[in-house]
Amino acid sequence: MSAIKAIKSQLKKDVNELVATGLPAALTRVASLSQSTFPHASPSAATAAFSNELAAALKSSSNNSGNSTVSAAIDTVSDEVNTAIATLQSLERWIQLSTPQMEDGNNFGVSVQMVVAKELADIRKELSKITGGFVDYYEKRAGAFDKISNLSIESKSTASSESESAGGKDGEEKKTSKSVSTDVKMSTREDIDRLKAVVAVDVKWYSELKAAMTELFNTYVIALDVVEKNFLKLSEPKGSSGGRNYDNMY
């Protein structure tokens, strides 16, 4: 068996398994993740929760501890986008390698392959744009956090001195003293809008990530639907005998 035939044979097995179990399992997984990763049903609910979390964090420390919910969502969506893109690429590769040589007449099945392949490619390209802006979240949140004016500012100062004296029971004697002082200063002005700005960044990205997860679910639904409906045309565009006619799609 030639290398290309071996690849085609393995691809066919992989796609059969993907359609039978892989894509349905992906739908179940993404639906479950949508519930666990995004516990807040609305932007207003997320705003209330994130505001309370930020206020509590600032009471204990002036450090930027981040938003664990949004950070976890970024990781989850990134992983799922990567998985979905790989799945679409496998389907595209299978369709491409199932495409026969173009001939006069009886090319409807090939046309179906081209249409489906383009649809899958377009979906994949849109998915690839999702993760490109994730770094913006951290930059914008850090910038908004730095502008909060009621953070405690801790400063430490250290002073040391040395003195020497001759003579004495043990000869020369060196004395060293060191003192450390810590000052904590708290701004007396509380800027509510600055706090809201940090929360607004969190809520904006929370909502966008939630929408991205919905798009991932839609991706698997569309991929499964279009492949199932046109499976025979995609795998055997000219029929099992190479000359069978097809007169419909979808």
Side-chain angles (χ1 to χ4, degrees), residues 14-15 17-54 57 64-95 115-145 195-229 250:
D14 292 343
V15 170
E17 182 178 349
L18 192 61
V19 173
T21 60
L23 290 175
L27 286 171
T28 301
R29 183 182 69 250
V30 171
S32 176
L33 286 172
S34 294
Q35 295 294 322
S36 60
T37 307
F38 303 98
H40 310 301
S42 65
S44 60
T47 297
F50 295 160
S51 296
N52 291 336
E53 290 170 8
L54 179 61
N64 184 355
S65 58
N67 184 305
S68 59
T69 300
V70 177
S71 295
I74 286 177
D75 291 341
T76 299
V77 172
S78 295
D79 288 344
E80 286 301 320
V81 166
N82 184 71
T83 300
I85 288 176
T87 298
L88 293 174
Q89 287 175 326
S90 294
L91 291 172
E92 292 174 58
R93 188 182 307 114
W94 167 65
I95 294 172
V115 171
V116 173
K118 183 180 184 305
E119 184 172 1
L120 296 177
D122 289 344
I123 295 173
R124 173 175 52 79
K125 291 174 183 177
E126 288 301 313
L127 286 180
S128 66
K129 297 177 183 178
I130 292 177
T131 58
F134 285 171
V135 66
D136 293 340
Y137 164 70
Y138 294 106
E139 290 179 349
K140 292 183 182 301
R141 192 183 193 280
F145 188 91
L195 295 173
K196 288 183 177 180
V198 175
V199 174
V201 172
D202 288 336
V203 173
K204 174 182 180 295
W205 279 92
Y206 177 88
S207 299
E208 292 186 1
L209 288 162
K210 189 175 182 180
M213 189 65 84
T214 300
E215 283 303 311
L216 283 165
F217 185 84
N218 293 341
T219 291
Y220 286 122
V221 169
I222 293 170
L224 180 59
D225 184 60
V226 74
V227 171
E228 277 189 337
K229 287 179 178 177
Y250 299 110

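Here the structure is a predicted model, which is why all the values come from computation and not from measurement.
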Measuring from atom [atom1] of [X] to atom [atom2] of [Y], what distance do you get when rounded to the nearest 0.5 angstrom?
X    : Y    : atom1 : atom2 : value
E80  : I85  : CD    : CD1   : 11.5 Å
Y220 : L88  : OH    : CG    : 7.5 Å
M213 : Q35  : CE    : CD    : 11.0 Å
I95  : L120 : CD1   : CG    : 5.0 Å
I74  : T69  : CD1   : OG1   : 11.5 Å
S71  : W205 : OG    : CH2   : 12.0 Å

*asked:* Taking salt bridge (charged side-chain N to carboxylate O under 4.0 Å, His left out) as the definition, give me every residue that meets it alongside E92, ordered by chain and number, with sequence neighbours left out.
replied: R124
_Qualifying residues under salt bridge (charged side-chain N to carboxylate O under 4.0 Å, His left out), relative to D122, sequence neighbours excluded_ =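 In terms of salt bridge (charged side-chain N to carboxylate O under 4.0 Å, His left out), with neighbours along the sequence ignored, D122 is linked to K118.
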Between [X] and [Y], what is the shortest heavy-atom contact and its length?
X   : Y    : answer
H40 : A49  : CE1-CB, 3.4 Å
N64 : A142 : ND2-CA, 4.2 Å
P43 : V203 : O-CG1, 3.9 Å
A57 : S65  : CB-OG, 3.8 Å
A45 : A41  : CB-N, 4.4 Å
T83 : R29  : CG2-NH2, 3.9 Å

*What is the ring orientation for F38 with Y206, classed by angle as parallel under 30°, tilted 30 to 60°, or perpendicular over 60°?*
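Because their plane-to-plane angle is over 60°, the rings of F38 and Y206 count as perpendicular.
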_Counting neighbours of NZ on K196 that are heavy atoms of other residues, nucleotides or ligands and sit closer than 6.0 Å, is the number greater than 12?_
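Counting neighbours around NZ of K196, 12 or fewer heavy atoms of other residues, nucleotides or ligands fall under 6.0 Å, so no.
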*Within a radius of less than 6.0 Å around CD of E17, do more than 12 heavy atoms belonging to other residues, nucleotides or ligands occur?*
no
Using distance only, find each side-chain donor-acceptor pair of residues 128-135 under 3.5 Å and give its atom names and separation, not counting sequence neighbours.
| from | atom 1 | to | atom 2 | distance (Å) |
| --- | --- | --- | --- | --- |
| S128 | OG | K125 | O | 2.6 |
| K129 | NZ | E126 | OE2 | 3.1 |

*Tell me, please, which residues at least two apart from F217 pass ring-ring contact (aromatic ring centres under 6.0 Å, His included).*
none
*Name all residues meeting the side chain to side chain donor-acceptor pair (under 3.5 Å) criterion together with D75; count only those two or more places apart in sequence or in a different chain, and write none if there are none.*
none
Is there side-chain contact between [X] and [Y], with heavy atoms separated by less than 4.5 Å?
X    : Y    : value
V227 : L23  : no
E53  : D202 : no
L216 : L33  : no
V70  : F50  : yes

*Should W94 and L18 be marked as a side-chain contact (heavy atoms from CB on, under 4.5 Å) after you check the CA-CA gap, both sets of side-chain angles, and the distance that decides it?*
CA-CA 12 Å; W94 167 65; L18 192 61; over 6 Å; no
*Any sub-3.5 Å donor-acceptor pair from K210's side-chain atoms to A73's backbone N or O?*
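No.
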*Say whether, by atom type as modelled, one donor and one acceptor occur between the side chain of S32 and the main chain of T28 under 3.5 angstrom.*
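No; zero donor-acceptor contacts below 3.5 Å.
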*P24: side-chain contact (heavy atoms from CB on, under 4.5 Å) partners, not counting sequence neighbours*: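 Expected list: L224.
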*Should F145 and L54 be marked as a side-chain contact (heavy atoms from CB on, under 4.5 Å) after you check the CA-CA gap, both sets of side-chain angles, and the distance that decides it?*
CA-CA 10 Å; F145 188 91; L54 179 61; 4.1 Å; yes
